[in-house]
Structure formats: structure tokens, C-alpha cells
Amino acid sequence: MNAVQHTIAVIGAGKMGEAILSGLLRAGWPANRLIATARRAERGEQLAERYGVRVLPNTEAAAEADVLVVAVKPQDAGTLMVELAPAVPAGRLVVTLCAGLPTAFFEKRLPDATPVVRVMSNTPALVDQAMSAISAGSHASAEHLALTEEMLRPLGETLRLPESQQDAVTALSGSGPAYFYYLVEAMTDAGILLGLPRQVAHDLIVQAALGAAVMLRDTGEHPVALREAVTSPGGTTISAIRELESHRVRAAVLDAIEAARDRAREIAAAAE
């Protein structure tokens, strides 16, 4: 499948949809093969001016494109499918980025045997550092998965997994950047408490986070081994770790991610 021969329409080009458009353009995808839709006229004008792509109404985009990337909020997906279903030709690939919504949600609202691929990405797509997990619906083939991977590759890493694991991915990776931002916010406040200027504290923490992430990725070491390498007997780090453990931070992380998983399931159940 020669991917760049396909016309792609991003339906609901918010932040994630815009990230996909810009990533495809950086990867050499022709602008005349890209279509965007937007709820507000001024947003559509902004996308057309910024990227040189066509901006069309939803139904026109659906009728013309070979691949539809659905990037609306989950609560808006049902109404969108009612609008799009009559306009989607048989066999069109639908790629959904709607958190929590299974491929079956789209399959039963679109023409029979429509191939649907579910994607859970995250906001580091905006800096080409996303992790995107993809799963095939009942009618999606290996060729459809390969095309989806080619579309997402400019935005970062991709992996394939069974759809049954997507709610866990949503909780762990889709929401994951927010957990790190939350931790950085708390550590910045701690730095200020200890007398550092806010910007100094911020810069120290961000570089520490970047360095730690690269070490995890490039060394292949288990995080326990890397943590122990910093934790000297009777030192400062073990004193901090003791406080984290006494406040049940590890248990709180487990509970938080489980809660995010449960919320993803609730979104899917409500959409049915």
C-alpha cells in the first residue's frame, strides 16, 4: 500500500488532530492529500493558513478521503457518526483517536464491514515524542494497521496490541504525561520551599527528568537498578525514598492509574 497516494481527512482537528496534520506534512505527505474539519470557522481558517490543507465540512471530507481520522471528544463521537455514516463509502479506513471508545462503537454506526483501527496516543505528539498504541477492529487488516503506523510514525513510537488492553494504555500512557507534569509541579514547589528561584528549580527538574528517561530507554536497566545506583546507604536519596514510602506514594500511583482505567470503561459504557 503506497500510503502517500491516499487522501487523509482529520475530522475534528483539535490539538491531537493538528499534531497529526503537521507530522504528516513534515514527513513529506503532500498538502493536497490532506483535509481537515473544524467545528469553528475561525479554527478552520487557521489550519488552512498554517498548513495549506483544505478545510471542508464533515460530510464532504468523509466522501472524498480514503482515510478518516476521527479526533473528536468521545462524547461528540455518537453525533458525528450519525452525520458521517451516510457519507462514508464502503471500505474506507476509519482511524479513531477517541479515548475509551471501542472499535465496535464505530463499526455498528458505519457501513457494514468498515475497517476501524483504534489508536491511543498522547500529547508529546506535539514534539514528535508520542507513544501511540494501535489495535485492529473486526474488519481491519494488517495492511490497514501498516498504513496507520505510517501515518503516526512522524509523531513518535508506535506499537500494536490487542484492543482488550487499550483501556489500560489510556490510563497509563494516554494520561501518563499529566502524571509527570503533576510530579514536576510538586518538585518545583519543593525547590522553591528550599530557597531556589522557580526557574532554577524548573530547569533542574526538567533536565533530571530528561536524563532519567534517556537512561531508562538507552541502558535497558530495570528502574530499580537505576534508582539503587543513586541511593547510597545513609544518604539523602534514601531519606527521601523513606518519606515517599511512608506517604504511600507507590500505592497512590497504582490507585490513580486504576481509576483512570475505570473511567475509560465508564466512557465506553456511556457511549453505548
Side-chain angles (χ1 to χ4, degrees), residues 3-81 83-84 87-88 92-101 106 116-134 144 147-159 166 169-170 173-178 180-181 264 267:
V4 295
Q5 292 180 354
H6 291 74
T7 297
I8 298 173
V10 178
I11 309 297
K15 286 187 177 180
M16 189 59 68
E18 182 176 356
I20 289 174
L21 286 173
S22 62
L24 288 168
L25 287 166
R26 289 194 303 276
W29 211 286
N32 63 4
R33 292 283 187 177
L34 297 174
I35 300 171
T37 79
R39 178 176 293 181
R40 295 178 292 107
E42 58 268 30
R43 172 61 172 167
E45 292 169 2
Q46 181 186 62
L47 292 169
E49 181 178 349
R50 184 175 296 170
Y51 300 109
V53 301
R54 287 180 294 155
V55 178
L56 297 177
N58 288 334
T59 53
E60 292 182 27
E64 183 171 340
D66 303 306
V67 181
L68 304 182
V69 179
V70 179
V72 299
K73 295 178 181 178
Q75 60 266 33
D76 297 331
T79 301
L80 177 66
M81 289 302 103
E83 179 186 1
L84 287 187
V88 177
R92 290 294 192 264
L93 172 60
V94 175
V95 176
T96 167
L97 279 72
C98 299
L101 297 186
F106 299 92
V116 180
V117 173
R118 179 177 174 180
V119 175
M120 186 66 245
S121 192
N122 55 20
T123 55
L126 297 169
V127 291
D128 300 338
Q129 294 296 325
M131 173 54 80
S132 300
I134 68 173
H144 294 124
L147 174 55
T148 303
E149 285 174 332
E150 184 166 354
M151 290 166 45
L152 295 171
R153 194 169 296 122
L155 306 182
E157 301 295 326
T158 66
L159 60 82
Q166 279 282 10
V169 171
T170 299
S173 179
S175 300
F180 288 102
Y181 302 146
I267 291 171

_If we ignore hydrogens and angles and just use 3.5 Å, is the side chain of Ser22 paired with the main-chain N or O of Ala19 as donor and acceptor?_
yes
*If you round to the nearest 0.5 Å, how far is CE of Met151 from CD1 of Ile8?*
4.0 Å
*Would you find a donor on one side and an acceptor on the other, under 3.5 Å apart, between the side chain of Arg92 and the backbone of Ala65?*
yes
*Are any non-hydrogen side-chain atoms of Pro154 and Trp29 less than 4.5 angstrom apart?*
no
_Side-chain donor/acceptor of Asn122 to backbone N/O of Ala130, under 3.5 Å_ = no
*Beyond-backbone contact of Glu49 with Val55, side-chain heavy atoms, under 4.5 angstrom*: no
*asked:* Among residues at least two apart in sequence or on other chains, which ones pass salt bridge (Lys or Arg N to Asp or Glu O under 4.0 Å) with Glu149?
replied: Arg160
*For Glu42, enumerate each residue passing the salt bridge (Lys or Arg N to Asp or Glu O under 4.0 Å) test, keeping only those at least two apart in sequence or located in another chain.*
Arg40
*Should Leu21 and Arg50 count as side-chain neighbours, where that means a heavy-atom distance under 4.5 Å?*
no
*Tell me, do Leu24 and Arg33 make a side-chain contact under 4.5 Å, heavy atoms counted?*
no
*Which heavy atom of Arg43 sits nearest a heavy atom of Lys15, and at what distance?*
NH2-N, 4.4 Å
*Quick one: does Thr123's side chain get under 4.5 Å of Tyr181's, heavy atoms only?*
yes
*Test item: Glu18 and Tyr51 side chains (from C-beta on) under 4.5 Å apart, heavy atoms*: yes
*May I ask you to test the Val10-Val53 pair for a side-chain heavy-atom distance under 4.5 Å?*
no
_Please give me the minimum heavy-atom distance between Ala62 and Leu84, naming the atom from each residue._
CB-CD2, 3.8 Å
*Within-4.5 Å side-chain heavy-atom neighbours: Leu93 and His6*: no
